[in-house]
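Just so we're clear, the structure is a prediction, and the values are computed from it rather than from any experiment. As the structure lists them, so they are numbered: ligands from 1, and atoms in each ligand from 1.
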Amino acid sequence: MLWSSALLLLFAMTLPARGAIDRRSIVGQFNPVRNASNLVTPLQVGNGNFAFGTDVTGLQTFIPYAIMSSWGWKNDSLPPGQVPADYKGVNWTTHGRDVTYDMPDPNLPDLSQWMIANPNRMNLGAVGLLWKGANVTEEELDGKRQEIDLWTGVMTSTFSYQGKSIEVKTSVHPTNDSVGISITSDLVADGVLGTFLDFPYNNGLQKFSAPLVGIWNATANHTTSLSISNNLASISHTLDGTSYYTTLTWSGAANASITRDSPTAHRYSVYSQSDSKTFEFSVTYTPQWVSQALGAKEVHKDSAQWWEQYWSTNGFVDIVTESSDPRVWELQRRIILSQFNLMVNEAGKNNPQESGLTNNGWYGKFHMEMFFWHMAHWALWGKWDILNRALPTYAEFLPTSIQRAHIQNGYPNPNGARWPKMTDPSGRSSPGEINTLLIWQQCHPIFFAELDYRAHPTSETLLRWNAIVTSTADFMADYSWWNESTGVYDLGPPLYPVSENTPPNSTMNTAFELVYWHWGFEAARTWLTRQGQTPPDNWGHVADNLAPLPEFNGTYVIYEGIGDMWAVQEYKMDHPELVGLYGWMPPSPKVDLGIMQQTTDTVWAEWNITDCWGWDFPMLAMNAARLGNPSKAVDWLLDDLFTFDDAGMPTGGVKVPAPYWPGAGGLLYAVAFMAAGWDGAPNTSAPGFPQDGSWVVNWERLSPAI
Ligand SMILES: *[C@@H]1O[C@H](CO)[C@@H](O)[C@H](O)[C@H]1NC(C)=O
Ligand SMILES: *[C@@H]1O[C@H](CO)[C@@H](O)[C@H](O)[C@H]1NC(C)=O
Ligand SMILES: *[C@@H]1O[C@H](CO)[C@@H](O)[C@H](O)[C@H]1NC(C)=O
Ligand SMILES: *[C@@H]1O[C@H](CO)[C@@H](O)[C@H](O)[C@H]1NC(C)=O
Ligand SMILES: *[C@@H]1O[C@H](CO)[C@@H](O)[C@H](O)[C@H]1NC(C)=O
Ligand SMILES: *[C@@H]1O[C@H](CO)[C@@H](O)[C@H](O)[C@H]1NC(C)=O
Ligand SMILES: *[C@@H]1O[C@H](CO)[C@@H](O)[C@H](O)[C@H]1NC(C)=O
Ligand SMILES: *[C@@H]1O[C@H](CO)[C@@H](O)[C@H](O)[C@H]1NC(C)=O
Ligand SMILES: *[C@@H]1O[C@H](CO)[C@@H](O)[C@H](O)[C@H]1NC(C)=O
Ligand SMILES: *[C@@H]1O[C@H](CO)[C@@H](O)[C@H](O)[C@H]1NC(C)=O
Ligand SMILES: *[C@@H]1O[C@H](CO)[C@@H](O)[C@H](O)[C@H]1NC(C)=O
Ligand SMILES: *[C@@H]1O[C@H](CO)[C@@H](O)[C@H](O)[C@H]1NC(C)=O
């Protein structure tokens, strides 16, 4: 009896939850399909560290969409006679002493700008179709159809030219930065249809390079050179001080010729030398020269295997099968395409840039305060193998963050770490008044550590994050200012809150940062007590005595001293972080739920939602859900102003170009939150979705949010 019930239990545990979701049929309904190039966004294939953006031909034949990577960065030449070490930052008075911040130095404008714009992320090149003896335009192609098979990660583009059909298959290898390309057409066998490779110059003169990256006509400013051996051609590309390599291989039977179009251009022509209708080759981009590369067949095969396991494992949500609300198809589309696009663009070795690997914003740099919105969803969806590619960034940046807090900013604790904001893989902070005065990125490593511990509650997890958690909280305790007259710890001034539109020298005790920092101190203390250690007294003293949240007329307001912010239009714009106090943030002893409800009601009534973008909508949704209003939560996720294009790319809205990936990351985080629940959620299925039967949410292998 005992035996059989134990067996039964074992059996039951290995069975999927009630009616395993038919993931393949759901994913397949949302394959992006286009019949013309889109002038704003590409269709892409990629692996998170490398992405290949295409026009309607599956290549960059007509539109040079970017080929970008985690590793492809370059420096422009320095202002004459200056070196980075000449830049010392700028002093602002902070609680009576000079603190040196990374802000543009008015005495060194060129060097300051160089520090902001360098290194910048490169578009590695273009690969396109080439017709011998003709300059073909997109309009001359008939019957264009392009589809990404999400289940295999292989894109197929078909069209015809003068009655002859052409098919292009494109995929990217899951671990190597190789693109597999198979072109099939009689025109290939006839020697008429070939391909070109081209290389742009890149520099940091543009803050946003969207939708296209790189300068194609500055051919004199950079060099390329070709070497060929057997079935492998290698092109080295040198821009200012940086070189990288492009390796072309083709399968043995299909010999090919590759020639440089002219000694002064960087365009190369490639034609198959065989009489086969199919020309199959791969293009691999690497920072170092390589003597071999994967072939196109292997790239397609490994892509298909990898994407199948990506879709088949970890979190999945099916709202489309059994719900009756007419909006479910659109929300399911956003979910599936976000899962695909974030894997292509936002699964690299660091936190991604705002536009991932699609185009450049802020010179290709990334922002540590956005780490949460780009990547925290991976944790709730169980994709730790992906999140763990980027989380080591915190350990890598720890030494320079300690240097920033203790040496540069002069805070006393030699162990405190102040995390940067706008940065690059070196961890150097880009000069900027807002960059250097933001503090909400400070708690993120503690939040990620806590997510990791909940998923992996082991001593290894505690140990792995210990130095990071400790240094983070040590700086927070140093930074919090004991105000003798009020008997509380103040945050700032100077300070910029999440909404970056208040005067920094008078901004203090910002509501969102007080709540997040309080949570951070408590989580850091728990981190040490879990290991049998005693947390430093000052963490508790600061946490218990942080300033109260600023209020006006029964609502929370952005900062202490702002007064009646509801009467000032400019304060009711940008990120409505007041709703983040309860929703995005878990319940806090600093937050009174009555005042919170009043605050949310006022935000809904008063905020200029037209000025909101990206993750504001998931944040509004989580707040509504936690306040017990799931119907409003789904309304926010489907708000008319929160839009995703036909490729599932979140549009930027009024502030930034498309795609703005934190919108997609926020969406996936909020969907997991609303489906699997959160700390203290009502004990019902999918507590963040309407409970009236119109939404039937089947989900698998998600974790609840904090
Ligand atoms: C191309 O696709 C768009 C929408 O995606 C559709 O409106 C249009 O009719 C299609 N054109 C052709 C020629 O199929
Ligand atoms: C850019 O220059 C900085 C400062 O000299 C250097 O640390 C960094 O490695 C360089 N990066 C690249 C990609 O050349
Ligand atoms: C803030 O104060 C510093 C002096 O500590 C001053 O240099 C700076 O211009 C002030 N900033 C603003 C935006 O007023
Ligand atoms: C800036 O402050 C630092 C630290 O207090 C000090 O060493 C340095 O001399 C100051 N620089 C200027 C230009 O005042
Ligand atoms: C194609 O365009 C290029 C550049 O405009 C021109 O030099 C070339 O002669 C054209 N080729 C044909 C076949 O029209
Ligand atoms: C490159 O093109 C840009 C924009 O069309 C133009 O302003 C610039 O003069 C061109 N440069 C060269 C070297 O031809
Ligand atoms: C190319 O180099 C020339 C000469 O140094 C310079 O004047 C020009 O601005 C450079 N072009 C670009 C696009 O950086
Ligand atoms: C490819 O063709 C070239 C001539 O076009 C020839 O020299 C070379 O040996 C061929 N390579 C192979 C592997 O067939
Ligand atoms: C794939 O990339 C890895 C790491 O860059 C390299 O060691 C390996 O040789 C590559 N595989 C092939 C077949 O080129
Ligand atoms: C102490 O707090 C009060 C009220 O918040 C504030 O006006 C004052 O500037 C603070 N004192 C110092 C020295 O920062
Ligand atoms: C205070 O809030 C109430 C609603 O709760 C509103 O009627 C009143 O106008 C507000 N007063 C001010 C000064 O904003
Ligand atoms: C609301 O925001 C939009 C977008 O930024 C702006 O165009 C509009 O002027 C704002 N409305 C008000 C009343 O400020």
Side-chain angles (χ1 to χ4, degrees), residues 68-87 89-108 110-124 199-206 209 212-223 237-244 264-266 286-288 349-350 353 360 363-366 396-397 399-400 403 409-410 420 423-438 481 492-497 500-508 559 561:
M68 291 206 292
S69 66
S70 294
W71 52 263
W73 298 81
K74 74 162 282 254
N75 282 327
D76 301 343
S77 52
L78 278 156
Q82 295 180 341
V83 294
D86 297 339
Y87 170 84
V90 171
N91 287 356
W92 275 20
T93 308
T94 303
H95 293 295
R97 70 184 177 90
D98 261 357
V99 170
T100 307
Y101 295 104
D102 288 315
M103 297 184 188
D105 180 347
N107 301 315
L108 290 169
D110 294 343
L111 183 60
S112 298
Q113 182 55 34
W114 188 93
M115 307 284 284
I116 294 169
N118 286 279
N120 44 78
R121 202 185 297 247
M122 296 184 286
N123 175 7
L124 301 173
F199 298 89
Y201 182 63
N202 290 268
N203 64 24
L205 291 187
Q206 300 291 328
S209 297
L212 303 176
V213 186
I215 302 163
W216 298 88
N217 65 354
T219 49
N221 297 54
H222 57 130
T223 60
H237 184 200
T238 301
L239 312 81
D240 300 316
T242 299
S243 296
Y244 66 90
T264 52
H266 303 296
T286 50
Q288 269 87 40
K349 69 176 277 291
N350 293 118
Q353 70 163 317
N360 272 346
Y363 316 98
K365 293 188 174 184
F366 51 87
E396 287 160 20
F397 290 3
T400 51
Q403 156 100 9
N409 290 174
T423 184
D424 64 80
S426 76
R428 179 170 66 68
S429 166
S430 305
E433 186 178 303
I434 294 174
N435 292 347
T436 193
L437 296 176
L438 280 184
W481 169 259
L495 164 65
Y496 272 104
E500 302 165 347
N501 57 4
T502 64
N505 283 334
S506 50
T507 297
M508 63 188 288
Y559 71 90

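Checked options Asn120, Asn202, Asp424; the residue passing with Tyr363 is Asn120 (criterion: side-chain contact (heavy atoms from CB on, under 4.5 Å)).
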Determine, step by step, whether Thr94 and Tyr101 satisfy the side chain to side chain donor-acceptor pair (under 3.5 Å) criterion, reporting the C-alpha distance in whole Å, the side-chain angles of both residues, the deciding distance to 0.1 Å, and the verdict. CA-CA 10 Å; Thr94 303; Tyr101 295 104; 2.8 Å; yes
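Scanning the protein heavy atoms around atom 5 (O) of ligand 2, the nearest turns out to be Pro84 CG, 3.9 Å. Looking only at protein heavy atoms, the nearest one to atom 4 (C) of ligand 3 is Thr93 N, 4.0 Å. Nearest protein heavy-atom contact of atom 9 (O) of ligand 3 is Trp92 CZ2, 4.3 Å.
Checked by distance only, ligand 7 and Asn221 come closer than 3.5 Å through their nitrogen or oxygen atoms. In terms of polar-atom proximity, defined here as any N/O pair under 3.5 Å, Asn75 does make such a contact with ligand 2.
Note that atom 2 (O) of ligand 7 has protein non-hydrogen atoms nearby, at separations under 4.0 angstrom. Proximity of atom 14 (O) of ligand 7 to the protein is indicated by at least one non-hydrogen atom lying closer than 4.0 angstrom.
Counting only heavy atoms from C-beta outward, the side chains of His95 and Pro493 approach each other to under 4.5 Å.
Using a 4.0 Å cut-off to heavy atoms of Trp73, the atoms of ligand 2 that qualify are 13 (C). Those atoms of ligand 7 that come under 4.0 Å of a heavy atom in Tyr201, given as number and element, are 12 (C), 14 (O).
Aromatic ring pairs are classed by plane angle as parallel below 30°, tilted from 30° to 60° and perpendicular above 60°; the pair His266 and His222 is tilted. A perpendicular orientation is assigned to the rings of Trp73 and Phe366, their planes being inclined by more than 60° (bins at 30° and 60°).
Within the 3.5 Å criterion, the main-chain N or O of Thr100 finds a donor-acceptor partner in the side chain of Asn409. Side chain of Thr423 to backbone of Arg428: a donor-acceptor contact under 3.5 angstrom is found.
Scanning Asn505, Leu437, Asn91 for the heavy atom closest to atom 12 (C) of ligand 3 points to Asn505.
Distance check, rounded to the nearest 0.5 Å: CH2 of Trp92 to CD of Glu433 gives 3.5 Å.
The proximity of Leu205 to ligand 7, defined as any non-hydrogen pair under 4.0 Å, does not occur for either the backbone or the side chain.
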